[in-house]
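Comments concern the structure below.
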2 protein chains.
Amino acid sequence: MDIRTRLLETAEQLFDRHGFTATGMDRLTQGAGISSRTLYKHVGNKNGLIAAVLNERDRRFHRQVETDSVDALFGALEIWLAQEAARGCLFLRAWGETGGDVPEIAEAMARHKQRMRERIDAIVVAEIGRQDDELAESIQLLFEGATHAAAYRGVATVEVARRAAHRLAGLARIA
Amino acid sequence: MDIRTRLLETAEQLFDRHGFTATGMDRLTQGAGISSRTLYKHVGNKNGLIAAVLNERDRRFHRQVETDSVDALFGALEIWLAQEAARGCLFLRAWGETGGDVPEIAEAMARHKQRMRERIDAIVVAEIGRQDDELAESIQLLFEGATHAAAYRGVATVEVARRAAHRLAGLARIA
DNA sequence: GCACATGTAAAGTGACCGTTTTACACTGCG
DNA sequence: CGCAGTGTAAAACGGTCACTTTACATGTGC
């Protein structure tokens with residue numbers, strides 16, 4: 001496997017499991033099986049590594065969530081949470097741990113949320129046949145809520161979010 | 001002002017602004033204007049301080065959110081987020097930064113979420129005249145979602161959550 | 001008036017932080 | 001053949017980490 005890929009996958013796991021600040025470079029190099037010199041050649045510094053991990057995760061997450069119905073959207077979230085463990089949104093966690101002070105990380109977070117919003121906009125159009133900002137924002141809230149509530153209420157809470165989104169879409173359809 | 005109160009208030013601010021791991025004990029003692037010896041006498045160690053901060057915040061948050069209508073609940077959240085700055089749920093952030101491995105912190109988080117759930121259960125009864133787990137869980141999802149989405153979409157998103165909760169309550173009322 | 005609790009200031013503990021450096025091995029290409 | 005590129009291992013960098021210790025100043029109550 002490619003060195004950079006191995007590094008990013010290892011880092012994503014360790015960051016998600018133990019937190020960003022708490023995960024030292026030694027554990028990262030050891031986990032990826034590379035020297036620290038190589039790590040710094042590839043990602044510059046720790047914040048660069050965090051940003052790279054987030055951007056790669058965004059690509060992977062988006063690929064999974066690229067659906068065009070409310071059902072499929074929350075179904076994808078359910079699968080994601082079931083196989084990745086639910087510890088809240090990694091983008092918001094990175095942003096929070098760094099106090100919002102690292103531009104590359106803040107931008108990765110904002111970009112990810114914006115991309116999610118565009119996907120939901122498309123789903124709304126597919127569901128009710130027209131744009132509806134209020135509905136889209138509500139679905140994003142339910143999606144965000146499920147992502148975080150799953151950490152303490154379990155993945156089953158995604159089903160509740162899916163049904164609530166469905167009901168709101170139904171109301172929007174007849175409005 | 002009481003030393004312990006001053007310490008907890010300072011710590012809450014610094015933890016919220018910069019993250020838990022990133023906030024060193026020096027900055028805490030300096031911020032609170034106390035010696036490190038006194039700090040350790042009062043809270044034992046850093047995890048003890050974090051747990052104490054969370055438990056105090058739970059008390060304060062709950063006092064603000066102790067309402068009995070959907071409108072008032074989200075109104076309270078809006079006020080809270082407007083005056084405290086929205087960086088996501090501090091309980092989930094602490095839990096995530098410590099990898100869920102610190103019992104006192106994990107318990108503080110779970111207790112806080114459980115208390116929130118009980119409040120929402122009471123609100124549901126007040127709103128529709130009977131218990132409704134599905135509605136309560138949906139409202140908790142919207143509340144959680146608004147808390148986190150406010151970090152990147154601004155406090156205005158709380159209004160959207162409030163309206164969505166209202167609609168779902170309306171549906172539950174006629175069901 | 002003396003013990004005691006509670007506070008301060010400041011130095012010291014060893015461990016670990018992110019990052020750089022030094023020295024060396026392997027590979028593929030002109 | 002030689003050399004640039006890419007990797008390793010391991011030590012060193014100065015700094016900061018959470019936490020403890022030492023030494024000293026208070027005020028309070030018996």
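Below, read A as the first sequence line, B as the second, and so on, with proteins coming before strands; counting in each chain starts at 1. Keep in mind that this is a model prediction, so the values were computed, not measured.
In this structure, B/I50 places its CD1 atom 15 Å from C1' of D/dC19, rounding to the nearest Å. Put simply, OH on B/Y40 is 15 Å from P on C/dT8, counting in whole angstrom units. A straight line from CG of B/L7 to P of C/dT6 spans 16 Å, rounded to a whole angstrom. Put simply, NZ on A/K41 is 14 Å from C1' on C/dT19, counting in whole angstrom units. The distance between atom CG of B/L39 and atom P of D/dA18, rounded to the nearest whole Å, is 10 Å. When rounded to the nearest whole Å, the span between CZ of B/R4 and P of C/dG7 equals 12 Å. The CG-C1' distance, from B/D2 to C/dT6, rounds to 13 Å in whole Å. Here the C1' atom of nucleotide D/dC17 and the CG atom of B/D26 are 9 Å apart, to the nearest Å.
Side chains of A/Q13 and A/E9: no donor on one and acceptor on the other come within 3.5 Å. A donor atom on one side chain and an acceptor atom on the other are found under 3.5 Å apart for B/E137 and A/T157.
When the nearest nucleotides of DNA chain C are assigned to A/F20 and A/R37 by heavy-atom distance, the more 5′-ward of the two goes with A/F20. Position along DNA chain C of the nearest nucleotide to A/N45 versus B/S36 favours B/S36 as the more 5'-ward residue.
Applying the 4.0 Å criterion to OP1 and OP2 of C/dT8, one finds that B/T38 has a side-chain N or O inside that range.
Looking at heavy-atom distances under 4.0 Å, A/T29 makes no contact with the nucleic acid at all. Backbone-only contact: B/G33 has heavy atoms under 4.0 Å from sugar-phosphate atoms and none from a base.
With D/dA18, C/dT8, C/dT19 as the candidates, the nucleotide lying closest to the side chain of A/M25 is C/dT19.
Salt bridge annotation for B/R119-B/D68: absent, with no cationic side-chain nitrogen under 4.0 angstrom from a carboxylate oxygen.
The only option from A/R115, A/H112, A/E84 that meets the side-chain contact (heavy atoms from CB on, under 4.5 Å) definition with A/F61 turns out to be A/H112.
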Does the side-chain hydrogen bond (donor to acceptor under 3.5 Å, both in side chains) test come out yes or no for B/E118 and B/Q114, once each step is laid out? CA-CA 6 Å; B/E118 284 159 11; B/Q114 181 55 31; 3.1 Å; yes

